[in-house]
Participant: 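First, the structure itself, so that you have it in front of you.
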Amino acid sequence: MKRLSVVVLALFALVVTGCDEGGGGSDSSASAPAIVDGGLRESQPVEESHRKEVVTGYLEMETGDPVATGRRVATVVEEAGGRVDSLTEQPEASSVLTVRVPADRLDEVVDEIRTLGRVTSLSTTRDDVTMQYTDLEARVGALRASVDRLRALLESSADVEALIAAETALAERQAELDSLEAQRRQLGDRIELSTLTVDITTDRLPSEQDSFVDGLVAGWNSLWAALGAAVVGIGAAIPWVAFLFVCAAVLYSVIRLITRRGRSSGTTGTPDTERTDSDA
């Protein structure tokens, strides 16, 4: 029992220590003064080289061929070490890309994209996430140390109840550690790769043509397209026309039959009516 009490107390102290490190580690490290040459020095602001920023941008441009320009933009991004997350193309109308570019090469990529058309709008946003990233790193480090201590306790303890308590605490800490590491990876990816949306539209009006020949070709193509659509419409309408014709024929036959029966009954009833009148 004495050994069990010692193990339980040690486990409790370990859990409490881990909670203190996970909850307040980042604040104490951020606000505590630094010790330099045996004295205290006020904490210095974060150096520019150590800042963590999430950069997002939006670029609008016009070109004669949006689809071809969009594909050249994708090539530029990939050559810079980035990737294309999404691409939407509308032939001869527009092309919209969402690309991820290494943060240190974003300006270079934007300058190269500018040469592909006429830029009508460009905006960028820089979000400073230095404190958020530092806090995640501190919490991950504290939790990882706590997990390591719990694993060491599991290896050295032989008491069943202490093992069960340690395993429960270890499972909780490991789940929290995995979640924080996933958040840190996601934030790190947003820091390393800036997000840029490129919206490319055509710089020509829909009715504008390059020459008389282009207009003639466009008119010929539209004529054939209209004829093809008409043929398809006629083919789709033929079954309905046949069906309506059959329905009309059946309805006409029924009406004609009813009309004939009405006439015949009226003809046979006329002598009886005259005989009744003469008797009266």
Side-chain angles (χ1 to χ4, degrees), residues 56-101 106 109-125 189 193-267:
T56 56
Y58 185 81
L59 187 149
E60 291 182 349
M61 62 186 306
E62 294 180 348
T63 63
D65 190 347
V67 174
T69 303
R71 293 175 182 175
R72 287 199 292 270
V73 169
T75 301
V76 170
V77 171
E78 291 172 354
E79 289 178 351
R83 68 175 187 264
V84 178
D85 279 357
S86 66
L87 171 62
T88 303
E89 294 180 345
Q90 294 183 357
E92 300 182 2
S94 66
S95 179
V96 181
L97 303 89
T98 300
V99 299
R100 305 293 305 280
V101 183
L106 178 61
V109 170
V110 170
D111 290 340
E112 191 167 353
I113 292 175
R114 284 176 177 270
T115 63
L116 302 178
R118 187 174 70 88
V119 176
T120 59
S121 176
L122 173 62
S123 62
T124 57
T125 302
D189 179 72
L193 295 176
S194 300
T195 302
L196 178 65
T197 301
V198 183
D199 189 352
I200 308 170
T201 56
T202 181
D203 57 1
R204 296 187 301 177
L205 297 176
S207 59
E208 183 181 351
Q209 304 296 336
D210 293 334
S211 63
F212 172 78
V213 176
D214 293 333
L216 183 62
V217 171
W220 181 260
N221 292 334
S222 62
L223 174 62
W224 275 106
L227 291 176
V231 171
V232 172
I234 292 173
I238 287 177
W240 288 96
V241 172
F243 174 74
L244 293 176
F245 179 78
V246 172
C247 292
V250 172
L251 182 61
Y252 175 75
S253 300
V254 172
I255 294 174
R256 187 173 181 182
L257 180 61
I258 294 174
T259 303
R260 285 182 177 179
R261 287 184 177 180
R263 289 177 180 177
S264 61
S265 61
T267 304

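As a basis for the values below, the full set of heavy atoms in this structure was taken, side chains included, without hydrogen atoms, waters or symmetry mates. Positions are given from 1 along the sequence.
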Participant: Return the CE to CZ distance between M61 and R118, rounded to the nearest 0.5 Å.
Facilitator: 10.0 Å
Participant: Do you know the tightest heavy-atom contact between Y58 and D199?
Facilitator: OH-OD2, 3.2 Å
Participant: Would you say that F243 contacts C247 through its side chain, given a criterion of any heavy-atom pair below 4.5 Å between the two side chains?
Facilitator: yes
Participant: Heavy atoms only: give me the nearest S95-E89 pair and the separation to one decimal.
Facilitator: OG-CG, 3.9 Å
Participant: Working to the nearest 0.5 angstrom, can you tell me the gap between L116 CG and T63 OG1?
Facilitator: 8.5 Å
Participant: Begin with the C-alpha distance, continue with both residues' side-chain angles, and end with the deciding distance and a verdict on side-chain contact (heavy atoms from CB on, under 4.5 Å) for V77 and L196.
Facilitator: CA-CA 10 Å; V77 171; L196 178 65; over 6 Å; no
Participant: ring-ring contact (aromatic ring centres under 6.0 Å, His included) with W224: which residues, sequence neighbours excluded?
Facilitator: W220
Participant: Could you work out, with salt bridge (Lys or Arg N to Asp or Glu O under 4.0 Å) as the rule, every residue matching E60, not counting sequence neighbours?
Facilitator: none
Participant: Where is the tightest heavy-atom contact between L122 and V119, given as atom of each residue plus distance?
Facilitator: CB-CG1, 4.4 Å
Participant: Say you draw a straight line from CZ of R72 to CG of D65; how long is it, rounded to the nearest 0.5 Å?
Facilitator: 7.5 Å
Participant: Minimum heavy-atom separation for Q90 to V67, with atom names?
Facilitator: O-CG2, 4.1 Å
Participant: For T124, which residues count as a side-chain contact (heavy atoms from CB on, under 4.5 Å) partner, sequence neighbours excluded?
Facilitator: none
Participant: Specify the closest pair of heavy atoms between T115 and E112, including all atoms of both residues, with the distance to one decimal.
Facilitator: OG1-O, 2.5 Å
Participant: What distance do L193 atom CG and L106 atom CG have between them, rounded to the nearest 0.5 Å?
Facilitator: 10.5 Å
Participant: A side-chain contact here means heavy atoms from C-beta on lying under 4.5 Å apart; do V101 and V110 qualify?
Facilitator: no
Participant: Nearest 0.5 Å, what's the CG-CZ distance between L251 and R256?
Facilitator: 13.5 Å
Participant: For I200 and L97, what are the C-alpha separation, side-chain angles and deciding distance, and is it a side-chain contact (heavy atoms from CB on, under 4.5 Å)?
Facilitator: CA-CA 8 Å; I200 308 170; L97 303 89; 4.1 Å; yes
Participant: Determine the minimum heavy-atom distance between T202 and P66, stating which atoms define it.
Facilitator: N-CG, 3.5 Å
Participant: Can you check whether T201 reaches S94 side chain to side chain, under 4.5 Å on heavy atoms?
Facilitator: yes
